[in-house]
Amino acid sequence: MRAIEITEPGGPEVLEWHEVPDPEVGRGDVLIDVTASAVNRADVLQRQGFYDPPPETSPYPGLEASGVVAEVGTDVEQFKAGDAVCALLGGGGYAERVAVPWQQVMPLPDGVSPREAAGLPEVACTVWSNVFMIGRLRRGETLLVHGGASGIGTFAVQLAKALGSHVVATVGSAEKAERVKELGADEVINYREEDFADKVRADVILDIMGAKYLAGNVKALRTGGRLVIIGLQGGRKAELDLGALLAKRAAVHATGLRSRPVEEKGTIVRSVVDNVWPLVGAGAVRPVVHAEVPMADAAEAHRMLDSGEHVGKILLVR
């Protein structure tokens with residue numbers, strides 16, 4: 001098969017389309033003929049040499065994919081050859097084929113094309129597990145989403161709104177603000193012009209920035225609020241005012257998805273299929289696709305992501 005290999009740590013130009021060995025199919029694996037994958041920030045970090053894939057995971061980038069089941073392992077009864085599926089991956093989505101534990105495989109939601117479905121597993125599992133399973137966002141509460149125009153942001157805005165929350169998002173431009181409002185955000189804050197910590201009080205905050213936003217996030221929390229940190233784009237280390245956290249009886253969670261055991265990922269995947277897929281099928285939540293790029297041109301897709309001008313997901317299609 002062919003796959004995108006990272007020839008050395010560096011810029012998008014190190015991504016090259018090569019002939020590589022076919023993946024091995026374990027007893028509990030599903031082999032997928034890939035229709036499409038999607039670009040995530042973790043792929044950029046892996047390309048730069050900062051985020052190695054977990055042990056016993058494909059070395060190729062790509063944390064999600066859609067396609068058709070080509071083969072199943074001897075212990076797999078939940079899927080069969082010919083099924084249209086999408087999957088949450090530890091790696092390997094930038095390829096013609098990928099083997100994945102059956103627990104991380106999902107049927108396509110109703111009304112979503114095979115290509116569009118490639119942009120759903122990572123954002124759906126990330127948002128559902130962090131905002132609702134960990135953050136326990138409830139109807140009527142306020143969610144603050146940082147990076148509201150990103151793939152995760154556009155999905156979080158829609159899902160929280162569909163489940164009855166008041167949604168506030170931060171973005172970096174007026175154009176992105178309009179797009180995010182169209183997706184259902186009740187308030188949008190341009191972080192280049194305003195300080196979100198002075199404008200919003202949130203029950204749950206979904207944060208991709210880390211250190212840079214830590215103090216502002218704690219300030220923006222309501223009493224009993226939950227801050228969930230899923231990215232470190234603004235740095236790893238910052239001073240935490242425990243007194244402010246204590247006074248608000250608030251909590252800080254820092255989580256990752258890629259390195260979790262298969263069983264934990266499977267629990268999240270099943271919960272997404274039960275709770276999120278019906279909303280996608282009903283049209284209340286939809287994948288937001290910025291562009292489709294041929295998989296062999298993954299370098300161009302990474303340049304788009306690096307530019308920061310995208311809204312939603314960038315797909316790699318075959």
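Because the structure is a prediction, the values reported are computed rather than measured.
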Test of understanding: with salt bridge (charged side-chain N to carboxylate O under 4.0 Å, His left out), list the residues that count as partners of Arg2, not counting sequence neighbours.
Glu96

Tell me whether Leu15 is reachable from Leu316 by hopping between hydrophobic residues (I, L, V, M, F, W, Y) whose side-chain heavy atoms are closer than 4.5 Å.
yes

What are the two closest heavy atoms between Pro114 and Thr35, and how far apart are they?
CB-CG2, 4.3 Å

Of all heavy-atom pairs between Phe79 and Val105, which one has the smallest distance, and what is that distance?
CZ-O, 3.3 Å

Is there side-chain contact between Ser66 and Glu116, with at least one heavy-atom pair below 4.5 Å?
no

Which distance, rounded to the nearest 0.5 Å, do you find between the CD1 of Ile4 and the CZ of Arg47?
12.0 Å

Interatomic spacing from OG1 in Thr255 to CE in Met133 - rounded to 0.5 Å
11.0 Å

Criterion side chain to side chain contact (heavy atoms under 4.5 Å, CB included) on Glu5 and Glu16, from CA distance to verdict:
CA-CA 5 Å; Glu5 288 192 296; Glu16 296 185 4; 5.6 Å; no

Look only at the side chain of Arg201 and the backbone of Ala197, and say whether a donor-acceptor pair between them is shorter than 3.5 Å.
yes

Between CD on residue Glu71 and CG on residue Asp22, distance to nearest 0.5 Å:
10.0 Å

Results of ring pair (Phe, Tyr, Trp, His ring centres under 6.0 Å) for Phe196 - residues two or more places apart only:
His146, Tyr213

Could you tell me whether the side chain of Gln158 and the main chain of Arg286 form a donor-acceptor pair under 3.5 Å?
yes

If only atom types and distance count, is the side chain of Asp297 paired as donor or acceptor with the main-chain N or O of Glu300 below 3.5 Å?
no

Are the charged groups of Lys219 and Asp195 less than 4.0 angstrom apart, N to O?
no

Has Lys212 got a side-chain atom pairing as donor or acceptor with Leu232's backbone, closer than 3.5 angstrom?
no

Please report the interatomic distance CG(Leu206) to NE2(His253), rounded to the nearest 0.5 Å.
12.0 Å

Are the side chain of Ser58 and the backbone of Tyr60 linked by a donor-acceptor contact shorter than 3.5 Å?
yes

Is there a donor-acceptor contact under 3.5 Å linking the side chains of Asp43 and Tyr94?
yes

Does the side chain of Glu292 reach to within under 4.5 Å of the side chain of Arg115, using non-hydrogen atoms?
yes

Full working for side-chain hydrogen bond (donor to acceptor under 3.5 Å, both in side chains) between Glu187 and His166
CA-CA 9 Å; Glu187 303 174 53; His166 183 86; 2.7 Å; yes

Does any non-hydrogen side-chain atom of Asp207 lie less than 4.5 Å from one of Ile230?
no

Are Asn217 and Val252 side-chain neighbours, meaning at least one heavy-atom pair lies under 4.5 Å?
no

Any chain of hydrophobic side-chain contacts (each under 4.5 Å) joining Leu63 to Val288?
no

Quick check: does any side chain N or O of Ser129 sit under 3.5 Å from a backbone N or O of Ile268, one acting as donor and the other as acceptor?
no

Tell me, with the steps shown, if Val262 and Gln104 meet side chain to side chain contact (heavy atoms under 4.5 Å, CB included).
CA-CA 7 Å; Val262 169; Gln104 296 169 215; 3.6 Å; yes

Answer yes if Leu305 and Val171 sit in the same cluster of Ile, Leu, Val, Met, Phe, Trp and Tyr residues linked by side chain heavy atoms under 4.5 Å apart, and no otherwise.
no

Check whether any side-chain heavy atom of Val69 sits under 4.5 Å from a side-chain heavy atom of Leu31, and report yes or no.
no

Is any side-chain heavy atom of Val145 closer than 4.5 Å to one of Val168?
no

Is it the case that the side chain of Asp29 and the backbone of Gly26 share a donor-acceptor pair, with hydrogens and angles ignored and the cut-off at 3.5 Å?
yes

Close side-chain approach of Val276 to Val285, heavy-atom, < 4.5 Å
no

dist Lys176:NZ -> Thr170:OG1 (nearest 0.5 Å) comes out at 10.0 Å

Quick one: list whatever passes salt bridge (charged side-chain N to carboxylate O under 4.0 Å, His left out) with Lys313, sequence neighbours left out.
Glu64

Between Gly62 and Ser37 the two heavy atoms that sit nearest each other are CA-OG, 4.2 Å

Count I, L, V, M, F, W, Y as connected when their side-chain heavy atoms are under 4.5 Å apart, and connections chain through other members. Are Ile208 and Ile205 then in the same cluster?
yes

Assess the residue pair Arg41 and Gln46 against the criterion (side-chain hydrogen bond (donor to acceptor under 3.5 Å, both in side chains)); give the C-alpha distance rounded to whole Å, side-chain angles, the decisive distance to 0.1 Å, and a yes or no.
CA-CA 9 Å; Arg41 186 65 58 182; Gln46 183 174 339; over 6 Å; no

Does Arg179 use its side chain to pair, donor to acceptor, with the backbone of Ala149 at less than 3.5 Å?
no

Leu120 vs Val112, test: side chain to side chain contact (heavy atoms under 4.5 Å, CB included). Steps then yes/no.
CA-CA 10 Å; Leu120 284 176; Val112 176; 4.1 Å; yes

Leu88 side, atom CG; Leu257 side, atom CG - distance, nearest 0.5 Å:
5.0 Å

Within the distance-only criterion (no hydrogens, no angle test), does the side chain of Trp277 pair as donor or acceptor with the backbone N or O of Pro107 below 3.5 angstrom?
yes

Shortest non-hydrogen contact from Gly148 toward Val180
O-CG2, 3.5 Å

Does the pair Lys161/Asp186 count as a salt bridge with the N-to-O cut at 4.0 Å?
yes

Does Asp83 come within less than 4.0 Å of Lys80, counting only side-chain N to carboxylate O?
yes

Note: Ala301 and Val39 closest approach over all heavy atoms is CB-CG2, 3.8 Å

Determine the minimum heavy-atom distance between Leu214 and Ala238, stating which atoms define it.
CD2-CB, 3.9 Å

May I ask whether Met209 and Ile152 are part of the same hydrophobic cluster, defined by side-chain heavy atoms of I, L, V, M, F, W, Y residues being less than 4.5 angstrom apart, directly or through others?
yes

Sidechain N-carboxylate O distance under 4.0 Å for Arg226, Glu141:
yes

State, with a plain yes or no, whether a side-chain heavy atom of Leu159 is found less than 4.5 Å away from one of Val131.
no

Give a yes or no answer on whether the side chain of Asn40 reaches the backbone of Ala42 with a donor-acceptor pair at less than 3.5 Å.
no

Using the side chain to side chain contact (heavy atoms under 4.5 Å, CB included) rule, take Arg97 and Val34 through it: C-alpha gap first, then chi angles, then the decisive distance, then the call.
CA-CA 5 Å; Arg97 284 187 160 188; Val34 174; 5.6 Å; no

